[in-house]
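Okay, so here's the structure we're looking at.
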Amino acid sequence: MSRWLRKLNAEQKRAVRHVNGPLLVLAGAGSGKTRVITHRVAYLIEQGVAPDNILAVTFTNKAAGEMRERLRQMIGEHADNVTMSTFHALGLMMLKTEAAQKKRRSRFSIFDTGDQLACLREITGRVHLDRSFDLGSVLARISAMKTSFVPPDACDTDSADPYDQAAELLYPLYAEALEAFAAVDFDDLVCKPTLMMEHSADCRARWADRFRYLLVDEYQDTNTAQLRMLKALCPHQNICVVGDDDQSIYGWRGAEVRNILEFDKHFPGAKTVFLLNNYRSTQPILRVANMVIAENKDRHEKALQPVRNDDGRVSLRVFPDADSEASWLGKFLFETIKSERYQADQIAVLYRSNTVHKALEPVLREHGIDYRVLGGTALFERKEVKDVIAYLRLTSNPADEISLRRVINVPARGIGPKTVSRLADYAEQHGLSLYKALKQAAIALGASDRALGPIGDFLTLLDDGRRQLRAGGQVGHQAQAFIEKTGLRAEIERTTPSAKIVERRLGNIGALLRGLVSYADRASKPSLGEYLNLISLATADEDADGAKDKRITLSTLHGCKGLEFPLVVIVGLEDGLLPHDRTLNPQANDHMTTGIDEERRLFYVGITRAMDELIITRAATRAVRGRVQERPASRFLCSIPEELITVDDLTAAPSMDQVRSMLSSLRDQWGAEGASLGPDKERQAEGDRRQQA
DNA sequence: TTCAGCAGGATTTTT
DNA sequence: TCCTGCTGAA
């Protein structure tokens, strides 16, 4: 038997041993999913498949990196020849490769959501669209059209929805703008390579030949475009996808659960393997998880099987208000860590929305509990960092008008909106880029315009920067010198009120530039453009400080996917928070209505993070936007049978335990029969409390 | 052009 | 309650 099969259970073996043809692995939480993927790659190589014929696709760089590391431990440097990549990095690589093939230039900016919105804002100003539109909503619709491969000139909805109409109006203009700015957005990174393959049999054959075996992780999170990309990539049908429909929580971003529910429709003859043995959690936790998720209708019917047979508690604590919830949590965590029942890094506090963690932080600080917050604003999305990136992008791609507009007057140099709009008009009339119009500012604005001086200085700054950065040599240090010349540092020091924040902002910029230096040291042919593209695809800050230290983890339910902790606390189990109010009462302009099932899956994901102990909390009242509200218990709590969970209700009514101890002391005093409520009444009392909750 | 003050809006966020 | 983006005065 292959050495890679030995340590696997029967189902895992089946998944690993299946070599040719489509395979769907439904891997429940904690069922050894990553293990199966890495072992499968090792097995394929052992069976004679060349490592560079294998492609493993994930959603985050972090996941790709971890997988590569595990594989390296198994098979050594062969691992480096396996392509492990995110969908977007793969798309970028394909675009660059194809451009090189056709000897075309391949310098372009990658627009993130902020850039996309800036772009839409610019266009809506130009076409005088009502400014009250929520552009995020419009963008979601455009993105949906792009991922469904609707060409920009062919969209005509009969929809009466003003947002649909706005999207229809803006989509072609947006597409044109990206073209003109030499920019692509995240959707393009998937759609463009797919169209390339679909339009050219030659191109398709090249890639199918390069990647003969495909593995896809987190398949439940793929969208329609990604499915189509996968189909184009594998005419040979050697595709193995791994995922769990019950953990699909990105529907609101266009992820299509149907991709995993209907896998064999897209890849006929697919074999399915269920991995349901859960190695992570205790039985009571898994029973709760199974009860909760069983309420969902549209899913692959399955239940996690516990492998562990030890006990572990699930409890619910109800507080009169959010403050007492927070202060209890602070005290509880402090005592838990102090008693060494759990180490700090074995504990996670999970919540639906970021507003909750803001309430928690002061209490944790008060008790001196160190914590790390997962998610949050990524380094590359910080304002000051985006400004620096915009300057750097301009040296590599002057057509990038969004970056140009972003920094043309940052720091303020006397080129105001009026001037910019006159230049933009001139550019449009003469079919020029905004950058070219700046070069002709004397004609565009008239020779005596007072903006001419600043514009000249600005152009000199950019052109000098470009020349230096193109000259080769130490990209990192040249970039540093260039950024220094832009005056951004002085601007930050001048406009930021507190010295502490100044330090943080400059630190962020420093981190970006240090990243560039270390990239330049590593890369064989470092270029600024490549670095900029890379960081556009980079995941939110991995623990920058690196060290695995003893801190508890705070995370949204979205952010905790793929992690596990001995002790998990899920806070705020209230209707309106989980399920979230926005799901219960969708807003008129919401494009994606993902429904209550996705909220339940979110709860399920949270539950299944817990290994030994799970605590759920809720508050009977909570301040929302400064207003104190009554908060009903989350409807999801109803699917948990009473015998599976210990309830400790600290609101007005005494807890059952308290009632029992009161009763027993009464019994002791006056004898058994007189004081007992009797079992029926007891149950009634319990029911009342649930009702109340 | 710039800056201060106010109105309005406020989930989740792998790339 | 807190942050972002726009309006109006200097």
Side-chain angles (χ1 to χ4, degrees), chain A residues 57-64 85-92 110-117 121 131-132 134-136 139-140 143 147 184-190 217-218 220-223 225-226 247-255 350-359 374-378 380-381 383 409-420 450-451 454 494-495 533-540 542 555-562 572 576-587 589-590 592-594 598-599 601-602 605-606 623-628:
Chain A
V57 191
T58 61
F59 274 84
T60 66
N61 293 301
K62 197 171 154 220
S85 162
T86 64
F87 275 103
H88 297 90
L90 172 70
L92 177 65
I110 298 173
F111 275 10
D112 66 15
T113 316
D115 300 319
Q116 292 178 289
L117 288 174
R121 204 169 300 133
R131 259 189 292 271
S132 62
D134 169 34
L135 292 182
L139 187 59
S143 173
T147 47
V184 295
D185 62 21
F186 289 135
D187 292 329
D188 288 328
L189 287 174
V190 174
D217 190 17
E218 305 282 12
Q220 75 280 356
D221 292 335
T222 50
N223 64 25
Q226 286 156 342
Q247 293 185 69
S248 161
I249 53 176
Y250 285 102
W252 53 276
R253 269 180 124 227
L350 309 177
Y351 38 83
R352 172 69 233 259
S353 98
N354 271 315
T355 51
V356 174
H357 102 247
K358 287 194 193 109
L374 258 41
T377 319
F380 305 125
E381 279 159 27
K383 208 185 279 167
N409 205 30
V410 176
R413 53 168 68 85
I415 313 177
K418 197 74 194 270
T419 308
V420 174
R450 81 183 152 165
R494 195 176 64 81
T495 54
N533 285 344
L534 279 178
I535 61 171
S536 304
L537 300 181
T539 316
E542 252 79 296
S555 172
T556 60
L557 288 163
H558 284 91
C560 72
K561 196 164 77 166
L577 246 185
L578 185 66
H580 197 277
D581 183 53
R582 193 78 176 256
T583 311
L584 264 19
N585 310 300
Q587 234 162 58
N589 60 10
D590 282 347
M592 302 283 178
T593 41
T594 48
E598 184 155 313
E599 297 287 305
R601 290 193 289 263
L602 218 33
V605 167
V624 179
R625 288 178 226 153
R627 283 244 166 77
V628 177

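Just so it is clear, the structure is predicted and the values come from calculations on it, not from any experiment. In what follows, every chain begins at residue 1, and chains take the letters A, B, ... in the order their sequences are listed.
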| query | Is it true that a side-chain atom of D185(A) and a backbone atom of T113(A) form a donor plus acceptor pair closer than 3.5 Å? | reply | no
| field | Phosphate OP1/OP2 of dT13(B) contacted by T556(A) side-chain N/O (<4.0 Å) | value | yes
| field | N or O in side chain of N354(A) less than 4.0 angstrom from dT13(B) OP1/OP2 | value | yes
Whole Å only: how far is the [atom1] atom of [X] from the [atom2] atom of [N]?
X: K561(A); N: dT14(B); atom1: NZ; atom2: C1'; answer: 8 Å
X: L117(A); N: dT4(C); atom1: CG; atom2: P; answer: 15 Å
X: L90(A); N: dT14(B); atom1: CG; atom2: P; answer: 20 Å
X: L374(A); N: dT12(B); atom1: CG; atom2: P; answer: 14 Å
X: I249(A); N: dT12(B); atom1: CD1; atom2: C1'; answer: 8 Å

Residues which pass side chain to side chain donor-acceptor pair (under 3.5 Å) with [X], listed by chain and number, not counting sequence neighbours:
X: D187(A); answer: S143(A)
X: T583(A); answer: E599(A)
X: T222(A); answer: N259(A)
X: D188(A); answer: K146(A)

| request: Return the 5'-most residue of the pair Y250(A), D134(A) with respect to DNA chain B, ranking by each residue's nearest nucleotide. | output: D134(A)
| message | According to side-chain contact (heavy atoms from CB on, under 4.5 Å), who are the partners of A255(A), at least two apart in sequence or on a separate chain? | response | Y250(A)
Expected rows: protein N/O vs nucleotides 1-8 of chain B N/O, under 3.5 Å:
unit_1 : atom_1 : unit_2  : atom_2 : d
dT1(B) : OP2    : G416(A) : N      : 2.4
dT1(B) : OP2    : T419(A) : OG1    : 3.4
dT2(B) : OP2    : N409(A) : ND2    : 3.0

| message | By a 5.5 angstrom centroid cut-off and a 30 degree plane limit, is there stacking between H580(A) and dT11(B)? | response | yes
| query | Ring-on-base stacking between W252(A) and dT11(B), under 5.5 Å between centres and under 30° between planes: is it there? | reply | no
